[in-house]
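This report concerns only the one structure given below.
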Amino acid sequence: MEIKSYLIGPFTQLLSMDKLPVKGALRDAQLEIIQHAGIWVEDGVIRQVGDFKRLRDAVPADLEIVYINYNAVLLPGYIDCHTHIAFGGSRPNDFALRNSGSSYLDIAAAAGGIWSTVSHTRALTEDELAAITVKHSLKLVQQGVTTIEVKSGYGLTVAEELKILRAIKKANAGTSADLIATCLAAHMCPKDFNGSPEEYLADIAALLFPQLIEQQLTHRIDAFIEKSAFTAEQIRPYLRKAQALGFDITIHADQFTAGSSIVAVDFNARSADHLEASTDREIHCLANSDTVAVALPAASLGLGDRFTPARRLLDAGAALAIASDWNPGSAPMGQLMTSAAILAAQQKLSNAEVLAALTFRPACALGLNDRGRIVRGMKADFMLYATDNYQDITYLQGALQPQEVWKNGVQVFTKNKIL
Ligand code: NIG
Ligand code: FE
């Protein structure tokens, strides 16, 4: 049986992420770093954090002690709040086409892009798709990710979107990370739909939304507002219907064209994601809202496009999260820390800002208040890097990977071995 109650340590450095605000710029001096630290875990939840020796004296004499006998930096498990990892096929030719002059929007207009992944994903059974999703999720677990948002959006019919969301639910039961599903039926108007984009969205709202609730598949609705997808005017009634049914909203906003993050804020969305094209107006609007701004640097890298203005967002007072956006088109790398560290170098982000953007800030974007910090009462989701200096994590730009990963107090990964 797995032990879920124990004292674990000592850790050379424990970064609790405690007491840091959800919004605005952060300095590294604000990080709480506990040296020679330990964690008392009880039934998969953090009971106490502090000096290892003092904890060892305080805990019950029969409590299991898990000794860490190497230099280790402990952090909360990362939360990847924007992925599309439930997909079929791959699109290396899109990358080649873009690098020889075509744009993402050109490829989308020529029936490549999202639409080609829709065909590959429709061809899979629910079980096949669940297996792919598990495989992708485990690659993220090895990077220290313990909570993963996963979008549908490659089905684009009621039945196919249901299939993807059921596959995500199945994958959640078969992987060590928590998968948080989001319905992205509004990814684009399917090319085989016999009607207008408005009619497609009305059909989805009428026929799919009630099923999502009935089958308990997701409480989150996403929409892509962009030239190749939907206009703000088309999306507003769709979001109103979603909100009336109690769904949380998140938006693919300002990727190539500015403006749609303002729609996200109007709907009090949990997050507005992408934001590469955001101008001062959108930045100001996000900073004055509770909507989390999500940067997706792997998409900037995959597309060879500009980066989200993360520095300006933070300085204006916004909450910034960073996610992998892992998908077969714009962001195929699936390497969260590599992309985050590159964004940090480009945008001049402090370590505190990067680590906040991967822990308690994305927890907010997902509406989760039980994870993202190493404090009493939170889930015992954490990872250990084999180093004595937390600065190595961003400095090595993803080359330093966690030595071990723990989820709900259980070890789910040690290097070179998935448990
Ligand atoms: O977040 N921008 C829209 N959606 C995805 C890309 C999906 C795809 O190209 O397959 C994104 O980058
Ligand atoms: Fe995306």
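Note that ligands are numbered from 1 as they come in the structure, with each ligand's atoms numbered from 1 the same way. Everything numeric in this text was worked out from a predicted model, so none of it was measured.
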So His252 and His274, would you call those rings parallel, tilted or perpendicular, with 30° and 60° as cut-offs?
tilted
Out of the N/O/S atoms in Asp325, what is the name of the one closest to the Fe ion (ligand 2)?
OD1
Pair Asp248 + Arg220: basic N to acidic O under 4.0 Å
no
Record the part of His274 in heavy-atom contact with ligand 1 below 4.0 Å; permitted values are side chain, backbone, both and neither.
side chain
Flag the pair Asp266 and Arg236 as a salt bridge only when some basic side-chain nitrogen lies within less than 4.0 angstrom of an acidic carboxylate oxygen.
yes
Tell me, which protein residue and heavy-atom name are nearest atom 3 (C) of ligand 1, and how many Å apart are they?
Phe224 CE2, 3.3 Å
Considering heavy atoms of the protein only, find what lies nearest to atom 6 (C) of ligand 1 and give residue, atom and distance to 0.1 Å.
Tyr104 OH, 3.2 Å
Tell me if a side-chain donor or acceptor on Gln234 pairs with a main-chain N or O of Thr231 at a distance below 3.5 Å.
yes
Judged by non-hydrogen atoms, does Phe87 sit under 4.0 Å from ligand 1?
no
If you scan protein heavy atoms around atom 7 (C) of ligand 1, the nearest is Tyr154 OH, 3.3 Å
Ignoring hydrogens and geometry beyond distance, is a side-chain donor-acceptor pair present between Ser330 and Asn327 at under 3.5 Å?
yes
Test item, Thr117 contacting ligand 1 (heavy atom, 4.0 angstrom)
no
Contact flag Asp273/the Fe ion (ligand 2), N/O/S atoms, threshold under 2.8 Å:
no
May I ask you to say whether Lys151 pairs ionically with Asp222, meaning some side-chain N is under 4.0 Å from a carboxylate O?
yes
Numbered atoms and elements of ligand 1 in range of His82, under 4.0 angstrom, heavy atoms:
1 (O)
Hey, are Thr257 and Glu226 close enough side-chain-wise for a donor-acceptor pair under 3.5 Å?
yes
Name, closest N/O/S atom of His82 to the Fe ion (ligand 2):
NE2
Using a distance threshold of 2.8 Å, state whether an N, O or S atom of His252 lies below it from the Fe ion (ligand 2).
yes
Considering only NZ, NE, NH1 and NH2 on the basic side and carboxylate oxygens on the acidic side, decide whether Lys415 and Glu404 come within less than 4.0 Å.
no
May I ask you to identify the nearest protein heavy atom to atom 4 (N) of ligand 1, giving residue, atom name and distance to one decimal place in Å?
His187 NE2, 2.9 Å
Salt-bridge criterion met for Arg166 and Glu126 (N-O under 4.0 Å)
yes
Under a 4.0 angstrom heavy-atom cut-off, which atoms of ligand 1 come close to Asp325?
1 (O), 11 (C), 12 (O)
Please list the nearest protein heavy atom to atom 5 (C) of ligand 1 with its residue and the distance rounded to 0.1 Å.
His84 NE2, 3.6 Å
Per-atom contacts of ligand 1 with Ile114, taking only distances under 4.0 Å to non-hydrogen atoms:
7 (C), 8 (C), 9 (O), 10 (O)
Mind checking whether Phe230 and Phe224 have ring centres under 6.0 Å apart?
no
Which heavy atom of the protein is the closest neighbour of atom 12 (O) of ligand 1, given with residue, atom name and distance?
Ser330 OG, 2.6 Å
Distance only, no hydrogens: is a donor on one side chain within 3.5 Å (strictly under) of an acceptor on the other, for Thr117 and Arg91?
yes
Which residue and non-hydrogen atom of the protein lie closest to atom 2 (N) of ligand 1, and at what distance in Å?
Gln255 OE1, 2.8 Å
